[in-house]
Amino acid sequence: MIVETTRALVRMLRENINSNVILSTGSIVEISTLPVVVLSGPDLTEKKKLAHDGDRLRAIDLENLQAVYEVPPRWYDLKFNVNVSCESNLELLEMIEAFSRLNQSSRLIQAVNDERERNYTWSWRVMAGSDVSPNISQVYQGKGTITVYDVEIYSHIREYWPLIRKISTEINQDLVEVSDDDE
């Protein structure tokens with residue numbers, strides 16, 4: 001779900017903030033047009049969910065008459081560094097405002113993989129250091145972070161148990177009285 005969540009975040013930003021969103025794979029990113037949003041990461045932080053340690057998740061599959069037991073997932077927070085580059089200070093402030101509005105209006109990121117569809121909450125934080133004056137390249141830059149919370153990774157270790165193993169009935173003939181009237 002980490003890859004799917006990252007893709008969903010990039011897609012959401014492209015649709016709502018700016019179509020020029022780049023997911024950085026290294027420390028140097030070539031920028032051809034401004035404004036641009038460059039995401040780097042995610043940095044993963046594993047979260048311990050003590051309430052679920054040692055438990056097995058259970059699902060009932062009535063179609064196949066099975067109970068499915070699965071090892072509980074591991075949980076991660078995904079933190080992305082965000083760098084926004086613009087041609088003017090006004091454009092930079094509008095982009096930062098757009099991030100804040102998006103976080104207020106769309107609190108969930110929907111991620112889908114082959115087996116599961118999940119909605120994750122996320123937050124946006126502006127970092128200090130947004131320049132009110134351009135850098136040496138005459139570009140105004142702002143920084144922030146996006147954190148996506150509680151992304152679960154399943155082990156796919158499953159046990160299947162039949163819901164009904166054996167049905168048997170026994171009638172004790174001594175307890176059943178048959179009268180002539182019943183025949």
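Remember, predicted model here, so these are calculated numbers, not experimental data. Along the sequence shown, the residues carry numbers beginning at 1. All heavy atoms count here, side chains included; hydrogens, waters and symmetry mates do not.
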Are the side chains of [X] and [Y] in touch, meaning some heavy atoms are under 4.5 Å apart?
{"X": "L44", "Y": "P42", "result": "yes"}
{"X": "T6", "Y": "F80", "result": "yes"}
{"X": "F99", "Y": "L13", "result": "yes"}
{"X": "T145", "Y": "M127", "result": "yes"}

What distance separates [X] [atom1] from [Y] [atom2], expressed to the nearest 0.5 Å?
{"X": "I146", "Y": "L102", "atom1": "CD1", "atom2": "CG", "answer": "8.0 Å"}
{"X": "L9", "Y": "L39", "atom1": "CG", "atom2": "CG", "answer": "5.5 Å"}
{"X": "N103", "Y": "N16", "atom1": "CG", "atom2": "CG", "answer": "11.5 Å"}
{"X": "D43", "Y": "S40", "atom1": "CG", "atom2": "OG", "answer": "7.5 Å"}
{"X": "E97", "Y": "I17", "atom1": "CD", "atom2": "CD1", "answer": "10.5 Å"}
{"X": "I153", "Y": "N113", "atom1": "CD1", "atom2": "CG", "answer": "9.0 Å"}

Identify the heavy atoms of [X] and [Y] that sit nearest to each other, and give their distance.
{"X": "A111", "Y": "Y120", "value": "CB-CE1, 3.9 Å"}
{"X": "S85", "Y": "V139", "value": "CB-CG1, 3.6 Å"}
{"X": "G142", "Y": "L92", "value": "N-CD1, 3.5 Å"}
{"X": "S123", "Y": "Y149", "value": "OG-OH, 2.8 Å"}

Check your understanding: Can you list the steps and then say if V37 with I22 is a side chain to side chain contact (heavy atoms under 4.5 Å, CB included)?
Key -> CA-CA 6 Å; V37 176; I22 299 169; over 6 Å; no

Exercise for review: Check R116, R118, R74 against E152 for a salt bridge (charged side-chain N to carboxylate O under 4.0 Å, His left out) and give me the one that passes.
Suggested key: R118

Between [X] (side chain) and [Y] (backbone), is there a donor-acceptor pair under 3.5 Å?
{"X": "R107", "Y": "W122", "result": "yes"}
{"X": "D77", "Y": "T45", "result": "no"}
{"X": "N20", "Y": "T33", "result": "yes"}
{"X": "E4", "Y": "M1", "result": "yes"}

Point to revise | Hphob cluster co-occupancy, L93 + V84, side-chain heavy atoms under 4.5 angstrom | key: no

Review point. Can you get from V21 to M12 by hopping between Ile, Leu, Val, Met, Phe, Trp and Tyr side chains that sit under 4.5 Å apart?
Key: yes

Check your understanding: Salt bridge check: are K47 and D150 linked by an N-O gap of less than 4.0 Å?
Key -> no

